[in-house]
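Small disclaimer: the values here were computed from a predicted structure and weren't measured. Whatever order the structure lists them in is the order used to number ligands and atoms, beginning at 1.
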Amino acid sequence: MTQSELHALAADYVFDGSSKLEGAAVVFEGARIKCVLPQSELSAKVPTRYLPANSWLTPGFIDLQVNGGGDVLFNNLPTPEAIATIAAAHRRFGTTAFLPTFITDTRENMRTAIAAAREAKEKNPSVLGIHLEGPFLAPDKAGVHDPELIRAPDEADLELLCAERTGGMLITLAPERVPSGFIAKLTKAGCRVSLGHSMASYDQTRSAMDEGLAGFTHLFNAMRPLQSREPGPIAAALESPAAWYGLIVDGWHVSPATLRLALRGCGHPMLVTDAMATVGGHQSTFHLYGSEIKVVDGRCLRSDGTLAGAALDMAAAVRNCARLLHVPLTDALRFASRNPAEFIGVGHFLGRLAPGYRADVVAIDPGPIAVLATWVAGKEELVAEA
Ligand SMILES: [Zn+2]
């Protein structure tokens with residue numbers, strides 16, 4: 001690598017995943033970060049671009065729950081091209097890496113989705129693998145998932161989920177609906193397992209955690225509520241330093257007061273969007289399992305009023321987190337980058353601005369918490385003015 005391949009971005013503030021540095025610069029070396037240093041230590045030989053006053057540079061956002069975007073829903077179109085469209089739609093909101101999320105469907109369609117994610121990952125560094133949300137869920141907590149397709153796993157499912165693969169795999173399931181030892185097998189095969197759409201008791205949740213379950217999908221939503229004598233999954237999540245929980249901070253899914261309580265837990269919060277097709281798209285409706293879903297006042301609603309994912313992007317999630325939950329911007333940014341990276345096992349090269357890390361970076365204007373530009377593996381994309 002020659003000196004000429006180095007270039008730097010300088011900003012008034014750099015959040016490196018741990019600390020907020022003033023007057024710092026990120027030096028890129030191709031697709032990687034060479035170093036983060038005070039602007040005063042920048043070599044005059046390294047071409048340097050200075051971002052507008054007050055701008056921040058922060059690790060790219062990592063969204064572990066993305067059902068769709070750019071008017072495409074992954075379940076309706078499980079192809080590598082659809083994943084590319086979804087990636088592009090979310091990137092303008094700061095998402096530089098994500099898990100396309102495939103909800104409850106037939107095994108054959110799951111197989112197609114897994115193959116599509118694998119192919120997309122080969123071409124697009126933003127695709128980290130796949131999140132399979134369902135179909136091993138509690139019918140009582142189906143939400144918008146098709147109850148007809150919810151089922152118990154069999155040997156063929158285990159084979160499909162444990163097959164050799166290149167990307168990450170996150171599986172949301174209801175522990176009380178899978179046989180004992182199932183979660184341990186998935187974990188041993190390298191899958192990350194998350195509780196969701198579940199009526200598990202506290203004891204059932206603790207047993208699942210003993211088998212390797214560590215995630216909680218959209219904590220509070222579609223799970224047994226916290227109760228006086230049956231604390232359920234929520235208490236198990238909040239009291240465990242080994243728990244990682246996804247939060248949908250859209251002002252609709254969970255009350256800000258409840259979310260503020262979650263931030264006082266021992267585990268690791270992660271901002272997710274649960275985004276549907278309309279995010280970064282032009283339309284205000286889409287179809288799921290053949291039913292029309294409409295965006296009404298910032299919510300995705302089925303005709304019976306059931307919430308069907310969210311009309312949320314990561315920049316808005318960070319903004320809501322800072323404003324509605326009253327946390328410092330640095331915490332909101334960490335919940336959107338470093339925490340999800342560490343949860344799915346890519347924290348050694350994503351989620352921080354540090355030497356050797358992939359150059360996945362977001363430049364933001366902290367006033368409106370708006371994205372100015374993104375870099376994925378060192379490649380820049382400016383965000384066009386709306
Ligand atoms: Zn869900």
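- Atom OE2 is the N/O/S atom of E133 found closest to the Zn ion (ligand 1).
- H197 has its closest N, O or S atom to the Zn ion (ligand 1) at the position named NE2.
- Between F349 and Y357, the distance from one ring center to the other does not fall under 6.0 angstrom.
- For Y245 and F220, the distance between ring centers is not under 6.0 angstrom.
- Heavy-atom neighbours of H282 NE2 from other residues, nucleotides or ligands within 6.0 Å: at or below the threshold of 12.
- Between F98 and H90, the angle of the ring planes stays under 30°, which puts this pair in the parallel group of the 30/60° scheme.
- Using a cut-off of 2.8 Å, one finds that H218 contributes an N/O/S atom close to the Zn ion (ligand 1).
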